[in-house]
Amino acid sequence: MENKLENKRYYITTPIYYPSDKLHIGHTYCTVATDTLARYKRLQGYEVMFLTGTDEHGQKIEDKAREAGVTPKAFVDAIVEGPGGVLDLWKLMDISNDRFIRTTDDYHVSSIQKIFRKMYDKGDIYKGTYKGKYCKPCESFWTESQLKDGCCPDCGRPVTDAEEEAYFFRLSKYADRIQDLLENTDFLEPRSRVNEMVNNFIKPGLEDLCVSRTSFDWGVPIDFDPKHVAYVWMDALFNYVTALGYCNDQYNDYEKFWPGVNIVGKEIVRFHSIIWPAFLMSLDMPLPKKVFGHGWLLLDGGKMSKSKGNVVDPYLLAEKFGVDALRFFLMRTFPFGSDGSFSNELLIQTINTDLANDLGNLVSRTTAMVGKYFGGTLPVQRCYEKDKDDELVSLVLGLRDRYEDAMEHYAPHKALEEVFKVIQRANKYIDENAPWTLAKDMEANGPRLASVLYHLLEATRICGILLTPFMPRSMDKLFAQIGAEENCRTWLSAKMWAALDADVSVTKGENLFPRVDMDAALKELEEAAEAARKAAAGPSIELEPQLTENVDFETFCKSDFRAVKVKDCQPVKKSNKLLRFTLDDGTGTDRQILSGIAKWYKPEDLIGKTLVAIVNLPPRKMMGLDSCGMLISAVHQEDGEEKLHLIIVDDAIPAGAKLC
Ligand code: ME8
């Protein structure tokens, strides 16, 4: 990671996600990690550009939109900007991105057209015929030899044959340079991914890459040959530079921020460490400073994915446990470069152990004791005891370097491990120094007690600074509680002992991280997941069995069904079921019908509607009123509940028209 302070600019990106469905905890994991790294760099004093966005073109989105009966743009708009959509999720999760790119943004589309033409003019893109295999869910082309058991090597699903006129990018031309880049530099991390790329993709021979499609429309049209749209990965990868203003006038940050760091999931490392640098080489552009391929969150041993439908909802977890607790859990639990198994138990356990027990207790015990023994403000008289204090102080003062080392190596989990070692040591320091015993003789021990508490506040402050990128909101509250002003919250002051005022005042505040009742929370989560599964599966509908006994036509014709218009509709006094309708049935005389549908309709909503009634049933008295006929409705059971819909017909049908 770039760490020279003379170059104080830093650019970091997440993948741009497909808005083919709601995003899940896996996307949240990557975005929170990238956000944490961006916040860490800002804390260090860098000018940071943090980009995220959505990858909106491609056949998969086009198909999904068709299924939903809307245009592709309307489909992605709803998922990106609609309630509970991508933008809402990042707002909820306190994601501090400086920019958000959508590949349907006009400036991006025209930039891709220019980029395509540049590469074509240079001779790195040429026209040919594409023959091969295509995996639709992954939007990936494969050669026969790359398939695993005849299926997509990424997701294991069947592939389809594809043959069409297409443009190709001379990927093969860059194979040696890419291999050298991967093997002899730190371009791609973790290192373990390098062998996989070289052995599986480069050594078997890099073939030229098909970079246009003609079989669907939802993409960036090639301006000089508009029946082709750009391959969605080409369109997507260049987002990292178009969002800075490369090939457009929308922004002017390309010179300032490129090259940057691309954080991606391991399944798209191939695109980012082979294809992406080759594209950039073709345009003589600087390569990313780093591509980091993080691991997957697994659920029941498999990858969570939108297309498999086994996903965990970040909204639900953030709402239940708090955004910061969720952010913290994701960063603390799963080593960033490896896969990890998600579970609700693990989440709750982490909250209870690290946040409620270790950090929460340190803050609440320390501030409570400053309140109890000194009325909330420490006296300035002190008594430092070398043998008791030195170890804690030096551990705390070395923390920033150990933390920085971990963060620079994309190991936020290790950085947190270091912070929590200090928090645990500070809690032990409380027990070793037993402030409650010192407090028994304030005259003799007052200065020592003040020292002990001050040391605890200092340890808490420095941990708080380093936890800010992980839990920004909670750390603001923590600083307010321990009396740490702005100048004691800086990166610089995380390496300074005694930054807090000697006569610092604390404020008792809310419990930052309440304990979670494991059993109750697990039960609630299971119920919520069940409700979500049901909602996704749609309601369970039960219908009345059809009658098997025939009715002869003559008998049927004796039933007189007519269109009727609702002139008035009122509730019936003392009945919570009945509505009284005054109807125009075309005869010139009003017809009154009582109907037991008050549970489903408000009377005022039905006035003016055209309904269907059988008009030759014998009159019946109900609640002392005559009902002359019956309104026709459709009925069914939904999730065990009776549902009713009046048959409301076209208003163009005149009152009294016969139904036959
Ligand atoms: O691949 N665990 O978009 P995508 C951890 N549009 N991270 C996960 C995850 C999981 N179970 N599931 C998803 C695309 N992710 C392309 C990217 S970039 C130019 C184009 C994260 O919506 C992870 O970072 O399928 C992964 O790489 C990304 O979401 C894929 O999101």
Side-chain angles (χ1 to χ4, degrees), residues 12-35 37 51-61 64 76 79-80 85-86 89-90 93 95 100-104 108 112 115 135-140 152 154-155 193 219-220 230-243 260-277 279-280 288 291-314 329-331 333-343 410:
I12 191 163
T13 65
T14 70
I16 49 171
Y17 305 110
Y18 292 126
S20 51
D21 221 325
K22 277 182 101 171
L23 300 190
H24 58 69
I25 197 82
H27 305 100
T28 308
Y29 173 61
C30 177
T31 307
V32 165
T34 311
D35 182 64
L37 293 167
L51 173 74
T52 186
T54 39
D55 182 2
E56 305 191 351
H57 290 127
Q59 188 162 9
K60 190 167 57 177
I61 302 262
K64 280 243 169 187
V76 292
I79 291 181
V80 177
V86 179
L89 178 61
W90 298 154
M93 293 306 300
I95 302 304
F100 189 95
I101 187 171
R102 300 180 57 180
T103 53
T104 51
H108 174 78
I112 294 299
I115 290 167
C135 174
K136 211 194 246 188
C138 297
E139 309 265 15
S140 302
C152 170
D154 270 357
C155 73
R193 311 235 183 270
V220 176
Y231 172 41
V232 69
W233 271 101
M234 180 169 180
D235 171 4
L237 285 164
F238 276 102
N239 92 88
Y240 301 128
V241 289
T242 62
V261 171
N262 296 139
I263 305 289
V264 302
K266 66 176 188 179
E267 81 291 0
I268 55 173
V269 160
R270 177 172 77 94
F271 296 97
H272 284 83
S273 67
I274 298 177
I275 298 172
W276 178 220
F279 281 159
L280 292 169
V291 168
F292 189 91
H294 69 78
W296 286 344
L297 293 192
L298 307 173
L299 196 65
D300 306 325
K303 182 178 180 249
M304 254 179 242
S305 80
K306 286 172 286 201
S307 42
K308 282 202 237 159
N310 62 339
V311 296
V312 172
D313 178 4
F329 162 72
L330 292 173
M331 295 297 94
T333 315
F334 308 107
F336 193 43
S338 326
D339 291 351
S341 284
F342 176 91
S343 79
Y410 302 89

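Ligands are counted one by one from 1 in listed order, and the atoms in each one are counted from 1 as well. No hydrogens, no waters, no symmetry mates; every other heavy atom, side chains included, goes into these values.
Among E56, K60, H24, the residue whose heavy atom lies closest to atom 12 (N) of ligand 1 is H24. Counting only non-hydrogen atoms, the option in C30, G53, G26, G293 that gets closest to atom 10 (C) of ligand 1 is G26.
Proximity to Y18 (heavy-atom distance under 4.0 Å) selects the following atoms of ligand 1: 1 (O), 3 (O), 4 (P), 6 (N), 14 (C), 16 (C), 22 (O), 25 (O). Taking every non-hydrogen atom of W233 and a distance limit under 4.0 Å, the qualifying atoms of ligand 1 come out as 16 (C), 17 (C), 18 (S), 19 (C), 20 (C). Taking every heavy atom of G265 and a limit of under 4.0 angstrom, the matching atoms of ligand 1 come to 23 (C), 24 (O), 26 (C), 27 (O). Within the listing of ligand 1, atoms 1 (O), 17 (C), 27 (O) sit less than 4.0 angstrom from a heavy atom of I268. Atoms of ligand 1 found under 4.0 Å from any heavy atom of A236, numbered from 1 in the order shown, are 19 (C). Ligand 1 places these atoms under 4.0 Å from at least one heavy atom of D55: 6 (N), 16 (C), 20 (C). Which parts of ligand 1 touch G295 is read off a 4.0 Å heavy-atom cut-off, strictly below it: atoms 5 (C). Close approach of ligand 1 to E267 is summarised as follows: ligand atoms under 4.0 Å from at least one heavy atom of the residue are 26 (C), 27 (O), 28 (C), 30 (C).
In terms of heavy-atom proximity, V80 sits nearest to P19 at CG2-CB, 3.8 Å.
In terms of the side chain to side chain contact (heavy atoms under 4.5 Å, CB included) criterion, residue partners of T333 (sequence neighbours excluded) are, by chain and number, F329, L346, T350. Contacts of D339 classified as salt bridge (charged side-chain N to carboxylate O under 4.0 Å, His left out), with partners at least two apart in sequence or in another chain: K266.
Ligand 1 lies within reach of Y240, whose nearest heavy atom is under 4.0 Å from it. Assignment of P19 to the shell around ligand 1 is not supported, since no heavy atom sits closer than 4.0 Å.
Remark: aromatic rings of F336 and F292 are close, center separation under 6.0 Å.
Ring-plane geometry between F271 and W233 is classed as parallel, the angle between the planes falling under 30 degrees on a 0 to 90 degree scale with a further cut at 60.
In this structure, a donor-acceptor pair under 3.5 Å is absent between the side chains of H108 and T103.
Residues V269 and V264 form a side-chain contact, since some pair of their non-hydrogen atoms from C-beta on lies under 4.5 Å apart.
For the pair R193 (side chain) and G337 (backbone), a donor-acceptor distance under 3.5 Å is present.
Of the heavy atoms in K266, none comes closer than 4.0 Å to ligand 1.
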